[in-house]
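Okay, structure first, notes after.
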Protein chains: 2
Amino acid sequence: MSNCSHCIMKRFNALKTLTHDELERFSDHKTSLIIKKGENLMTEGNSINGLYCIQDGKCKLTKLNTNGKEQIIKFVKGGDILGHRSILSEEPVGLNATALEDMRVCFIPKGDILESIKDNPQFSLNLIKNISLQLSHANTAISQMAQKPVKDRLAETLLSLEEIFGVDNEDCIDVILTREEIANTIGTATESAIRLLSNLKKDGVIDLLGKKIKILNKNSLKNISEGY
Amino acid sequence: MSNCSHCIMKRFNALKTLTHDELERFSDHKTSLIIKKGENLMTEGNSINGLYCIQDGKCKLTKLNTNGKEQIIKFVKGGDILGHRSILSEEPVGLNATALEDMRVCFIPKGDILESIKDNPQFSLNLIKNISLQLSHANTAISQMAQKPVKDRLAETLLSLEEIFGVDNEDCIDVILTREEIANTIGTATESAIRLLSNLKKDGVIDLLGKKIKILNKNSLKNISEGY
DNA sequence: TCCTATAAATGACATTTATCATTTATTTTT
DNA sequence: AAAAATAAATGATAAATGTCATTTATAGGA
């Protein structure tokens, strides 16, 4: 089995401040698993007894509304960690994590995490910073959901998707989402999302190649996202 | 000057886990101040070099949108603390804190807070839990802003205001907000908020006594907030 | 207490967004 | 490869929400 000490994924997350000994302990206790597209890594309301470190693959974090609609709160990719909020706050998981493609993830038991939190203040601080940053993003999202029209939110979301996932060899945003998932991200009806995407294409701001989306004019999208 | 060891406010927040010695240190270094209605305790983008402990009075936490609109993210009252997120994440303050009425607050310098964080793991953990809980609420808010109609969000907000501030001796929600502030909480136009409040009154669900709002039928509001 | 400024309320109307129905395209299964 | 299932696209229409204009009420200052 692979070794946490040599894993490059920890470069990208809070695990980077762990000592060699701590990483060896993680290696000894961790399990690697494959999550198939569509499967859940975490489920809203369930408890979790460890931390997931994403090796490869993408997932969406969602919340089911009282009216049965899915709201996508955040996208997660290789190098990100999941489950630390629940471990730290000793509360059930608040969001569903559903694989958008096949994923490889490592699972590190809660006990090892808590031990490092106790022994390694820098590690704790990194986890706190991670959660603080999420809170900061969430507050921005509240404001935008509440006050920006759907068109602006779509533009914003496309920019942010490219920011998160980058582009493939054809300059398309490197993630495959259904129109429904895009709609569930910006908080609108699927038909509205489709119509607004078509308009953006007609205006030459983006190109649509099946499910792949290519941003042609980033400045224009930025303006739209700010209401111009 | 008053003494942190004897202050009952710490019962309500993360400071409750501090030792007597730590509280004495806080007492020695803290400053008490009065914030007048309308004044800012914190300002978006500014840095902050300490933690505020609210003794008395209420404030709103807001974010200014790119379009110039104010979004109210959260309400804060006596017993709450402010500024710990910024201290922990070493980032500028993300929200404005504006007094809704005259406030009495204590300011504890960053150095003392950081020392307690280092020495007192239970204190750190309480701060983390506080931030985690805020994140959890924020995610719920995103989902509701994105997917619920304005009427539902108004009902939800009225219930939550009564939850936070309680009722006065006439059973009215114990906080004075302008219609514009209510609109900025639920994310709608002031006129829409006014109209929906009038409708709720006409339907006998609430009563409007000037700026004071009395909830007459909590169950009915709960149903409305869930789309029935 | 009156005057002025600000907030609340309401109507008319425009715009945005959702819903329903249907067609067309794309995947998936057999 | 054909059939079936699912997703995307589009039109027609309804519903929700925002904007502007105006009136009425309330609060704060001279």
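Chain A is the first sequence line, chain B the second, and so forth, proteins listed ahead of strands; every chain is numbered from 1. Everything numeric in this text was worked out from a predicted model, so none of it was measured.
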Which residue lies toward the 5' end of DNA chain D, B:Val150 or A:Leu197, if each is placed at its nearest nucleotide?
-> A:Leu197

Donor-acceptor pair, B:Asn96 side chain versus B:Glu44 backbone, under 3.5 Å?
-> yes

Using a cut-off of less than 4.0 Å, is there contact between a side-chain N or O of B:Arg195 and OP1 or OP2 of C:dT10?
-> no

Taking 4.0 angstrom as the limit, do A:Glu70 and A:Lys60 come out as a salt bridge?
-> yes

So, A:Ser27 and A:Asn3: side-chain donor and acceptor under 3.5 Å apart, yes or no?
-> yes

Nucleotide nearest A:Ile194 when distance is taken to its side chain, options D:dA16, C:dA8, D:dT10 | D:dT10

Could you go over nucleotides 23-29 of chain D and give all protein N or O partners under 3.5 Å, atom names and distances?
none

Neighbours of DNA chain C within residues 182-193 of chain A, by heavy-atom distance under 4.0 Å | A:Thr188, A:Ala189, A:Glu191, A:Ser192

May I ask you to check whether A:Thr98 and A:Asn40 show a side-chain donor-acceptor distance below 3.5 Å?
-> yes

Salt bridge (Lys or Arg N to Asp or Glu O under 4.0 Å) test vs B:Glu101 passes for just one of B:Lys36, B:Lys77, B:Lys58, namely B:Lys58

Counting heavy atoms not belonging to A:Lys151, are there more than 12 under 6.0 Å from its NZ?
-> no

Of the candidates C:dT10, D:dA12, C:dA8, the side chain of B:Ser198 sits closest to C:dT10

Give the ring-plane orientation class for B:Phe75 versus B:Phe165, where under 30° counts as parallel, over 60° as perpendicular and anything between as tilted.
-> perpendicular

Strand-adjacent residues in residues 139-148 of chain B, judged by heavy atoms under 4.0 Å from DNA chain C = none

Have B:Ser225 and B:Asp152 got a donor and an acceptor in their side chains that come within less than 3.5 Å?
-> no

